[in-house]
Visitor: 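Below are the structure tokens for one structure; questions will follow.
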Number of protein chains: 2
Amino acid sequence: MRAIVEAGFISLSRNGVEGTTTRHIAEIAGVSVGSLYEYFANKEEIFDAMHQHVVAEVVDMVQPRIPELVRMEIRPLVAELLYRFRDLLERDDGRYLRYMSYAAYFAPRNQLEPINRMLMNLLVQYVMHHPDLTRLGNLPAMGFIMINGGIFTVIRHLTDPHPTVAFDDLVRGLGDMVGYFVEGELARGP
Amino acid sequence: MRAIVEAGFISLSRNGVEGTTTRHIAEIAGVSVGSLYEYFANKEEIFDAMHQHVVAEVVDMVQPRIPELVRMEIRPLVAELLYRFRDLLERDDGRYLRYMSYAAYFAPRNQLEPINRMLMNLLVQYVMHHPDLTRLGNLPAMGFIMINGGIFTVIRHLTDPHPTVAFDDLVRGLGDMVGYFVEGELARGP
DNA sequence: CATTTGTTCGGATTCAATTCGGATATGGCC
DNA sequence: GGCCATATCCGAATTGAATCCGAACAAATG
């Protein structure tokens, strides 16, 4: 069962979505096709399990570190999150990255929710630890932008076969984006 | 042929990716299954054609207006682009939006390239019309962030069945993000 | 040992994508 | 009009993948 999900990632990485058949998965996992259906009702459920696995990894990576993250300056915080995120995605020959770049295909409904909630939570905690930030308006909207913009920009950059910008520049850019925004908003306020 | 591509959007909108079979497409288009293959080598090519169609629409929407867009202030410019983009995506019951929410992923090659290039072009022209902006560092990286972040954030917001933030707030937020960034960078420079 | 329970298997079934040979329409030419 | 060339269309037949199912096997229990 663990092996099947594992095999799913491997096959996806090797053969892409279309090329990933139940046969392949079964073969890689070292079981017969019929056995897949002992654990999963259909192929979709295998992908679901893979999805949950990735989501859980991301959450586990950040969640326990929220207390320390909350104490950091904005730009280093952004950088820290992005680098960690990249490392996770590139682990095992980009296994998770491959999955992610197809994710919406499998999970039509918003199944990145747990990650979203966790990051929103981080944002709220962060603001509470930096009292001057409470003057920022419309936190939900800014959170939505930063979280989604950040995640997709990184995925898109990592999947780009010929990136025109370096990842480091991307990280610095995103950090500045957030940093300047906060500084700008605070400077404007009364 | 036009009807087939059209049917593709309709079926995708009605049945999702998995549910979109050649039968459906043929039926909606009012032709037989066999006829599809007179025009397209396989189903994938139909999706490709749909893709090109959307991309062309987006480019046609912005490209001719670059001369006037280039004269606008940053925040109104961002707002203008985003609202237009939304309107396009929501046209015909969100036909293009549906497509986009899948396309962003399952286009293995970067087939959003024309849009990227066009927006990069807009960015460059914009900077040339606002000489003080030439002091901004790392334009490619910032362009990458703004373009990708913007596109995906909007798509993600529009596909969210229960958005927690209003589209107007999103637009204002993205505008501020870019605006404050530029102002911040300029204030820092010598 | 007989029976139950759980696990694995590989063939049978179903359904969608694609192919193909023939049918039908169109339009230029006598 | 009649005739052919070409383009277009059709839908039954093929192929291959997903899924189902009942037999085989093994371990556990009485």
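Letters A, B, ... are given to chains in the order of the sequence lines, protein chains preceding strands, and every chain is numbered from 1.
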Visitor: State, to 0.1 Å, how close B:Tyr37 and B:Asn42 come at their nearest heavy-atom pair, and which atoms those are.
Guide: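 Minimum heavy-atom contact is CE2-CA, 3.8 Å.
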Visitor: What string of B, S and - do you get for nucleotides 7-20 of chain C, 5' to 3', when a contact is any protein heavy atom under 4.0 Å?
Guide: -BBB-----BSBB-
Visitor: Counting heavy atoms not belonging to B:Glu27, are there more than 12 under 6.0 Å from its CD?
Guide: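 Counting other residues, nucleotides and ligands, CD of B:Glu27 stays at 12 neighbours or fewer.
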Visitor: So which pairs with a foot in residues 120-133 of chain B pass salt bridge (Lys or Arg N to Asp or Glu O under 4.0 Å), sequence neighbours left out?
Guide: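 Qualifying pairs, neighbours excluded: none.
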Visitor: Nearest-Å distance, CZ (A:Phe40) to C1' (D:dC20)?
Guide: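 To the nearest whole Å, that distance equals 18 Å.
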Visitor: Should the pair B:Arg75 and B:Tyr180 be classed as cation-pi, given the thresholds of under 6.0 Å to the six-membered ring centre and 45° from the axis?
Guide: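 Output yes; distance and angle both within limits.
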Visitor: Give the rounded distance in Å between these two atoms: CE of A:Met1 and C1' of C:dG6.
Guide: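 Taking atom C1' of C:dG6 as the reference, CE of A:Met1 is at 16 Å.
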Visitor: Any pair with a residue in residues 158-178 of chain B that passes ring-ring contact (aromatic ring centres under 6.0 Å, His included), sequence neighbours left out, goes on the list, sorted by first then second residue, please.
Guide: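 Passing the test, one end in residues 158-178 of chain B: B:Tyr83-B:Phe167, B:His157-B:Phe167.
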Visitor: Rounded to whole Å, how long is the line connecting atom CD of A:Glu18 with atom P of D:dG16?
Guide: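 Nearest whole value for this atom pair: 16 Å.
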